[in-house]
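Below is one structure, written out as C-alpha cells, with a few remarks after it.
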Amino acid sequence: MSETLKKILIVEDEEMIAKPLGMKLRLSGFETKHALNGKEGLDILAKEKFDVILLDLLMPEVDGFAVLAELQKRHDPTPVIVATNLNQAEDVSRVFELGCTNYYVKADTSLDQIVENVKKTIK
Amino acid sequence: MKLNLKIAIFLTAGFLAVLLVFVMMPGARPGRDSLVFFTLTAVVDLFLAIYLKKTVVDPVKRLKAVVQKIGAGDLTKRVEVGSHDEIGELSASFNRMTEKLVDANRDLQAKVKELSEEHGRLSSLVESVKLGVVMVDLRLSVILANQAARAIFGKPQAKNISFQDMSDKIKGSVNISQALSYYVHAGKPLNIQEVMIGESYYRLFMSPVRDIVEHIFIGAVVVMEDVTDQKKLDKMRTEIVSVTSHQLRTPATIVKGNLEMVLGGDVGKISKAQKELLDDTYLGNERMIHLINDLMDAAKINEGKLVFPLAPVQLEDIVEEVTKENQAFADEKHVKLVYNQPAAGLPKVNINKDKIKQVFQNLIDNAVKYSSIDDKGRVEVDIQSDDKYLRFAVKDNGIGIPKADQEKMFERFSRGSNSTKLDPGGGSGLGLYIAKAVVEQAGGKIWFESKEGEGSTFYVAFPIH
C-alpha cells in the first residue's frame, strides 16, 4: 500500500446505505467522503481529487446521469463505479456511454464485492 | 251422373218423341211430313241447346269467375258445386285445391312472421352490442356495420364505410385486407391481439360467414373489442409493481449492508447465538431481495421491456459455476448433485450471462429442493450439443410435476400442487415465467419432461451461430 490512502467519494442520497459502505471501505484501508446528492458531489469534486467515485443513479435534483455528463464536460478522468437499482439494458448502456467505468446492482452486491470492485478499478 | 250419359238420354228421349209423333199421325203426306219433321227436330235442338247451357256453359262460367277472383288473391271464394257430373267434380277439386292453398299460405305467413321477428331480434342485438361488428361480402364490400363499428370509424351510416377506410384506419402488425381475404377464402377464423384505431386499442376477431343452406362462404364478420381501458389498467398495475419493488430495494439494501458489517465481525465480536439469529435475518433479507427482483423482472416482461444485452458466452463455464455454488445447498438437503462435464471445445452461445446464470441457478435449486424427499435424492446436470443447438439439462428423481399442473408451469404465479411440502416458504412463483422470457429473449427454448413421483428433467437450448 502506498503512503497516502486512496480516496473514495461516495455519492448516495441514502445515508443508511452510505454508512456501512463507508465503514467497510475505511476498514479496507481507504479514505472516504460522502456527498448526499449529485450537486454536493460535483462541488466536492471541483475542489478535491479522488481515486474512485461510487455514484448512485437515482437522486433528487442532480442525478447520477447528470453527474456523469458534467464530469465528461470537465474532462475529469476519475473512474466512476455506478451503483444502481436500475438494471435495465438501456440504463446500463447509457451510463457506459457517459464514461462510467463499471457498475453494480445495489441489493444484489455485497460490501466485500464492492470493495473488490474498487480495488480492481484502482489496480 | 256423367255428362255423356245425360246428353245421350236427352237425345234418345228427343228421337223417341219425334218417332212417336210420326207413328201417331194419320195417313202419309210427303209435304206435311217433312215440315213436321223439321219443326220437331228444331224443337229438340232448341231444348238441347238450353239444356247444354244450363248443365255445361253456366257452371264453367261460374268456375271461371271464381278462378279469376282467387287468382287475384281472394282465397275466401269457393265454387258452388251443383251437380255430380265432371263439372261438379272439377268444382269440388278446385275448392279442395283452394283450401290447400289457404293452408299453405297461412303456414308461409307464420314462417315469414317468425323469420322477421328473429331478424328484428338479431339486428337489434347486433346493433346494440358494445363490440364493433362489420360484415363484408366476398368482394370485401361492407354490407353491415353496427352502431359501435360506425362510431369507431366515425361514419353515420354503414354504407359510408368502405373496406379501404377500415384497413387504412386499423394500424397493426397485420394487413387487414390481405389477412381477411386469405382467411375468408381458407375458411379459417383469425384473431389479432392488438391493433390501434385512432387513439384506442382493439382486439380483432375475424371469421368467415357461411350460407346456412349451402354452406358456401359468403363473406366475413369482423368483431372489434375496445381493450384500451384494459391496457391502461394493465400498464398502471405494472407501473405500481415496478415502482414499489424499486422502492423496496433501498431498505433491503440497508439491511444487507448493516448485517454484513455485523456478521463480518467488522464492528466487534458477536456471540454464536447472535450470529445464528443474524444469519437467518440475512437469509430472510436475501429472499426478500430475490422476490423483489422477480417482481421487477416480471413487470418488465409484462411491459415488453425485458431486454438484456447479449454477448457470446461459454455455457459450460456458467453451468460449472452454478453447480459449484449449489453444492453446499445440495449437501445440506442430502441430495447428490452431479455435473457431467462435457468434452472440451463446445461453441459459445449468444446470451446474457448474468440472467442465464440466474435461470440455471433457479433450475438446479428447484431440482435439489424437490428431490430432497429421502437421502436418495440425485440431481444430474449436463450439457450436450448437436450442430444446431447447445442444450443444458438438469435431471432429478424427485416428486415430479402432476400432469394437471404441467401445462401451466411457465405461467405467472404457477406452482406444482405437490410442491408446498418441500418448499414451505415458497418462491415467488415467477421463476419459470422469468426463465422462459429470458431464455426466449436470447433465441433459446426451455421445456421439461416430468412424471409425478419419478422426477423431472428441465431443458434449456440455445442456437449455435
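Naming convention: chains lettered A, B, ... in sequence-line order (proteins, then strands); numbering from 1 in each chain.
- For OH of B:Y201, the number of neighbouring non-hydrogen atoms (other residues, nucleotides, ligands) closer than 6.0 Å is 12 at most.
- Among all heavy-atom pairs drawn from A:E14 and B:I254, the shortest one is OE1-CD1, 4.0 Å.
- In A:K7, the NZ atom is crowded: over 12 heavy atoms of neighbouring residues, nucleotides or ligands sit closer than 6.0 Å.
- The structure places CD of A:Q113 at 8.0 Å from CD of B:E260, a figure rounded to the nearest 0.5 Å.
- Between the CG atom in A:D108 and the CD atom in B:Q358 there is a gap of 7.5 Å [rounded to 0.5 Å].
- Around the CD atom of B:E325, the shell of radius 6.0 Å holds more than 12 heavy atoms that belong to other residues, nucleotides or ligands.
- The part of B:I289 that comes within reach of chain A is its side chain, from C-beta onward, which places non-hydrogen atoms under 4.5 angstrom from that chain.
- Between chain B and the residues A:L27, A:L21, A:I114, the largest count of heavy-atom pairs under 4.5 Å involves A:L27.
- By the 6.0 Å contact criterion, NZ on B:K436 is open, its count of non-hydrogen atoms from other residues, nucleotides or ligands being 12 or less.
- Atom NZ of residue A:K19 and atom CG of residue B:N258 lie 7.0 Å apart, to the nearest 0.5 angstrom.
- With values rounded to the nearest 0.5 angstrom, B:L263 atom CG is found 12.0 Å from A:S110 atom OG.
- Proximity to chain A is limited to the side chain of B:V267, based on heavy atoms less than 4.5 angstrom apart.
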- Task: Apply the test side chain to side chain contact (heavy atoms under 4.5 Å, CB included) to residues A:V105 and B:R249: give CA-CA distance (whole Å), side-chain angles for both, the deciding distance (0.1 Å), then the verdict.
- Result: CA-CA 10 Å; A:V105 181; B:R249 286 168 69 99; 2.7 Å; yes
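- By the 6.0 Å contact criterion, CE on B:M409 is enclosed, its count of non-hydrogen atoms from other residues, nucleotides or ligands being greater than 12.
- Proximity to chain B (any heavy atom under 4.5 Å) is shown, for A:I17, by both the backbone and the side chain.
- Taking a 6.0 Å sphere around CD of A:E48, one finds it holds more than 12 heavy atoms contributed by other residues, nucleotides or ligands.
- Closest approach of A:L111 to B:G257, counting heavy atoms only: CD1-O, 3.4 Å.
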